[in-house]
Structure formats: structure tokens, C-alpha cells
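Keep in mind that the numbers below use all heavy atoms, side chains included, and drop hydrogens, waters and symmetry copies.
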Amino acid sequence: QVQLVESGGGLVQAGDSLRLSCAASGRTGGVLATAWFRQAPGNERDFVGLIKMVTDTTTYADSMKGRFTISRDHAKNAVYLQMDRLKPEDTAVYYCAARDTLNYYSDYSPDAYEYWGQGTQVTVSS
């Protein structure tokens with residue numbers, strides 16, 4: 001089992017930056033990828049980006065490229081989501097998720113991930 005805890009959300013103004021953290025504990029040695037998703041009210045949970053844990057390779061949704069950056073701290077077992085030039089449409093609950101098995105689902109699908117954090121609210125005012 002892997003436990004994930006997000007932090008760092010809050011209320012910011014358009015154009016500001018925010019860094020979210022995802023702290024992992026438990027059996028983290030087998031994690032293949034850690035992803036960020038977000039969900040706005042009435043919307044589905046959308047893929048933001050991911051980092052592959054073996055290669056540190058990152059992938060982003062097209063709308064986040066150039067504004068969002070995912071990184072990790074190996075020593076702290078943490079993954080970060082740096083969000084710059086935030087827009088009101090970035091308002092959502094942000095979740096980190098981890099997978100330690102290969103399954104039928106794409107890396108971009110929430111169904112691929114076995115472990116989820118509780119989410120952290122990000123609100124961007126105009």
C-alpha cells in the first residue's frame with residue numbers, strides 16, 4: 001500500500017504561482033509513476049501531468065505545457081507540481097495519484113492509478 005498526502009493549495013490571484021506537494025509513504029519502492037489530476041465542480045477528473053519514477057521523465061497535458069512543472073525529491077519521497085501564470089480556469093481540486101502495476105489503462109486515465117491523495121483545493125481569482 002502507498003499513502004499520498006497533498007498540500008500547498010490555496011487562494012491566489014490570476015498570474016500568481018503556487019507549488020503543490022505530494023508526500024508518499026508506505027511501499028513506495030514499487031511505484032512506477034506519480035501523476036497529478038484535477039477536478040473542477042461538475043467536471044471529470046482531468047489529467048495534468050505525470051513523472052515516471054525510474055527515469056524522472058515528465059509528461060503534461062497540452063493545456064499545461066509551459067506553465068506547469070512536475071519534479072520530485074528522491075530523499076523526501078515527494079513529488080511537486082509547480083504552477084505558474086495561473087488562470088481562473090485552473091481552479092479545481094488537485095489530486096496526486098500513484099500506480100505500481102501495469103494495467104489496461106493509459107497513464108493519462110485516472111483508472112490507471114491505484115493510490116490517491118485526499119486532494120487540495122486551488123482557487124484562482126480574476
Side-chain angles (χ1 to χ4, degrees):
Q1 290 287 330
V2 176
Q3 294 79 42
L4 302 172
V5 178
E6 302 98 334
S7 60
L11 172 63
V12 297
Q13 293 186 332
D16 285 351
S17 297
L18 203 58
R19 189 177 84 154
L20 306 183
S21 300
C22 174
S25 60
R27 299 180 65 178
T28 60
V31 172
L32 300 173
T34 299
W36 288 93
F37 288 83
R38 68 185 188 183
Q39 188 167 21
N43 289 3
E44 294 184 348
R45 196 164 291 190
D46 294 328
F47 174 77
V48 172
L50 66 85
I51 185 166
K52 295 289 184 76
M53 306 308 274
V54 174
T55 61
D56 283 352
T57 303
T58 54
T59 305
Y60 302 93
D62 286 343
S63 60
M64 284 67 162
K65 288 180 183 177
R67 294 194 303 125
F68 290 10
T69 305
I70 296 174
S71 61
R72 64 182 291 206
D73 184 324
H74 292 248
K76 295 182 178 180
N77 260 340
V79 172
Y80 305 101
L81 176 64
Q82 175 69 39
M83 303 185 293
D84 298 320
R85 302 189 302 280
L86 283 162
K87 305 174 183 179
E89 50 264 44
D90 294 318
T91 295
V93 177
Y94 284 72
Y95 299 90
C96 69
R99 66 186 301 184
D100 60 10
T101 59
L102 293 175
N103 53 43
Y104 172 81
Y105 299 100
S106 158
D107 281 340
Y108 312 127
S109 168
D111 293 326
Y113 296 85
E114 298 95 344
Y115 309 105
W116 290 84
Q118 81 287 353
T120 185
Q121 176 71 46
V122 172
T123 303
V124 184
S125 64
S126 57

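- Contact record, Arg38 with Ala92: CB-CB, 3.9 Å, taken as the closest heavy-atom pair.
- We find the CZ-NZ distance between Arg99 and Lys52 to be 8.0 Å, quoted to the nearest 0.5 Å.
- Note that OG1 of Thr59 is 4.5 Å distant from CG of Leu50, once rounded to the nearest 0.5 Å.
- Distance check, rounded to the nearest 0.5 Å: CZ of Arg72 to NE2 of His74 gives 4.0 Å.
- Residues Tyr95 and Gly117 come closest through the heavy atom pair CD2-O, 3.7 Å.
- Judged purely by atom type and a 3.5 angstrom limit, Glu6 uses its side chain to pair as donor or acceptor with the backbone of Gly119.
- Using a distance-only test at 3.5 Å, with no hydrogens or angles considered, no donor-acceptor pair links the side chain of Arg45 to the main chain of Phe37.
- With hydrogens and angles disregarded, a donor-acceptor distance shorter than 3.5 Å links the side chain of Arg85 to the backbone of Gly66.
- Separation of atoms CD (Gln121) and CD (Gln39) is listed at 11.0 Å; rounding is to 0.5 Å.
- Shortest non-hydrogen contact noted between Thr28 and Ala24 is CG2-CB, 3.8 Å.
- Look at Asp90 and Lys87 and you find no salt bridge, because none of the NZ, NE, NH1 or NH2 atoms lies under 4.0 Å from a carboxylate O.
- Tyr115 shares a hydrophobic cluster with Val2, Leu4, Val12, Leu18, Leu20, Val31, Trp36, Val48, Ile51, Met53, Tyr60, Met64, Phe68, Ile70, Val79, Leu81, Met83, Leu86, Tyr94, Val122, Val124; the chain of contacts runs through ILVMFWY side chains whose heavy atoms sit under 4.5 Å apart.
- You'll find the side chain of Asp107 reaches within 4.5 Å of the side chain of Tyr113, heavy atoms only.
- With hydrogens and angles ignored, the 3.5 Å screen pairs a side-chain donor or acceptor of Thr91 with a backbone N or O of Pro88.
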